[in-house]
Amino acid sequence: MTTSELPLVDAVDGVDAAACCSTVVGGVLDVDQAQQLAKTFKALGDPTRVRLLSLIAAQPEREACICDLTDPVGLSQPTVSHHMKQLVDAGLVVREQRGRWAFYRLVDGTLESLSRALRP
């Protein structure tokens, strides 16, 4: 797998990327910043969600259909949909309905912003 630097987004669904991912050790976070950061890390606190995120990231377009995510994790479609909703709510992926299938795409820069939030 190759790595590349991703562009940062200014906002996703009205959530300011800089506000949600301010550095933890760079100063005191306000309540909203701490809540958003905790919500995002909580979404990554489940191994299935981390695996789903990695499956999406491994795709050429960094997006995947829900129909392609159930077999690799060995869970039913409703369970995978629940996990994907947690990732969407945390701002890690976005969902797009195409006909009867939901497609999920990584939000550029979110993981890098989370990484920066823990740097001194």
Side-chain angles (χ1 to χ4, degrees):
M1 176 173 21
T2 61
T3 59
S4 61
E5 196 163 315
L6 299 173
L8 296 177
V9 293
D10 290 331
V12 175
D13 292 336
V15 176
D16 182 8
C20 82
C21 301
S22 299
T23 178
V24 172
V25 296
V28 177
L29 298 173
D30 66 32
V31 172
D32 291 336
Q33 291 171 321
Q35 287 176 338
Q36 182 60 40
L37 194 57
K39 182 178 185 177
T40 306
F41 279 118
K42 183 176 181 180
L44 292 173
D46 183 284
T48 299
R49 290 194 279 269
V50 172
R51 183 120 193 273
L52 288 166
L53 204 61
S54 74
L55 288 165
I56 296 168
Q59 299 302 310
E61 297 295 319
R62 298 169 59 89
E63 76 171 15
C65 175
I66 190 77
C67 61
D68 297 323
L69 297 173
T70 54
D71 283 345
V73 294
L75 297 171
S76 68
Q77 186 273 326
T79 302
V80 172
S81 290
H82 166 76
H83 285 297
M84 293 309 302
K85 182 176 182 338
Q86 302 303 310
L87 293 172
V88 168
D89 290 347
L92 293 163
V93 297
V94 291
R95 180 184 186 275
E96 180 183 336
Q97 192 71 33
R98 297 182 195 163
R100 61 183 286 222
W101 297 109
F103 284 77
Y104 295 90
R105 183 175 22 89
L106 290 181
V107 174
D108 289 342
T110 303
L111 295 175
E112 178 61 30
S113 295
L114 287 173
S115 173
R116 278 197 315 271
L118 295 177
R119 291 184 193 146

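With sequence neighbours excluded, no residue forms a side-chain hydrogen bond (donor to acceptor under 3.5 Å, both in side chains) with Ser54. Among residues two or more places apart in sequence or in another chain, the side chain to side chain contact (heavy atoms under 4.5 Å, CB included) test is passed with Asp30 by Asp32, Gln33. For Cys67, the side chain to side chain contact (heavy atoms under 4.5 Å, CB included) partners are Cys65, Trp101, not counting sequence neighbours. With sequence neighbours excluded, the residues that form a side-chain hydrogen bond (donor to acceptor under 3.5 Å, both in side chains) with Gln77 are Ser81. Every residue meeting the side chain to side chain contact (heavy atoms under 4.5 Å, CB included) condition with Ser76, not counting sequence neighbours, appears here in chain and number order: Pro78, Thr79.
In this structure, the side chain of Arg51 engages the main chain of Pro72 through a donor-acceptor pair within 3.5 Å. Side chain of Arg49 to main chain of Ala43: a donor-acceptor pair is present (N/O by atom type, distance under 3.5 Å, no hydrogens or angles). In terms of modelled atom types and a separation under 3.5 Å, the side chain of Ser115 and the main chain of Leu111 share no donor-acceptor contact.
The CZ atom of Phe103 sits 12.0 Å away from atom CD of Glu61, with the distance rounded to the nearest 0.5 Å. Once rounded to the nearest 0.5 Å, the distance linking NE2 of His83 with CG of Leu53 reads 13.0 Å.
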Item to check | Pair Leu114-Leu92, side chain to side chain contact (heavy atoms under 4.5 Å, CB included): steps then yes or no | outcome: CA-CA 10 Å; Leu114 287 173; Leu92 293 163; 3.9 Å; yes
Exercise. Kindly indicate, with the supporting measurements, whether the criterion side chain to side chain contact (heavy atoms under 4.5 Å, CB included) is fulfilled by Leu55 and Val73.
Key: CA-CA 9 Å; Leu55 288 165; Val73 294; 4.0 Å; yes
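Listed by first and then second residue, the salt bridge (charged side-chain N to carboxylate O under 4.0 Å, His left out) pairs that reach into residues 86-106 are Glu63-Arg98, Lys85-Asp89, Glu96-Arg98, sequence neighbours excluded. Residue pairs meeting the salt bridge (charged side-chain N to carboxylate O under 4.0 Å, His left out) criterion with at least one partner in residues 38-48, sequence neighbours excluded, do not occur; the list is empty.
The closest side-chain heavy-atom distance from Met84 to Ile56 is below 4.5 Å.
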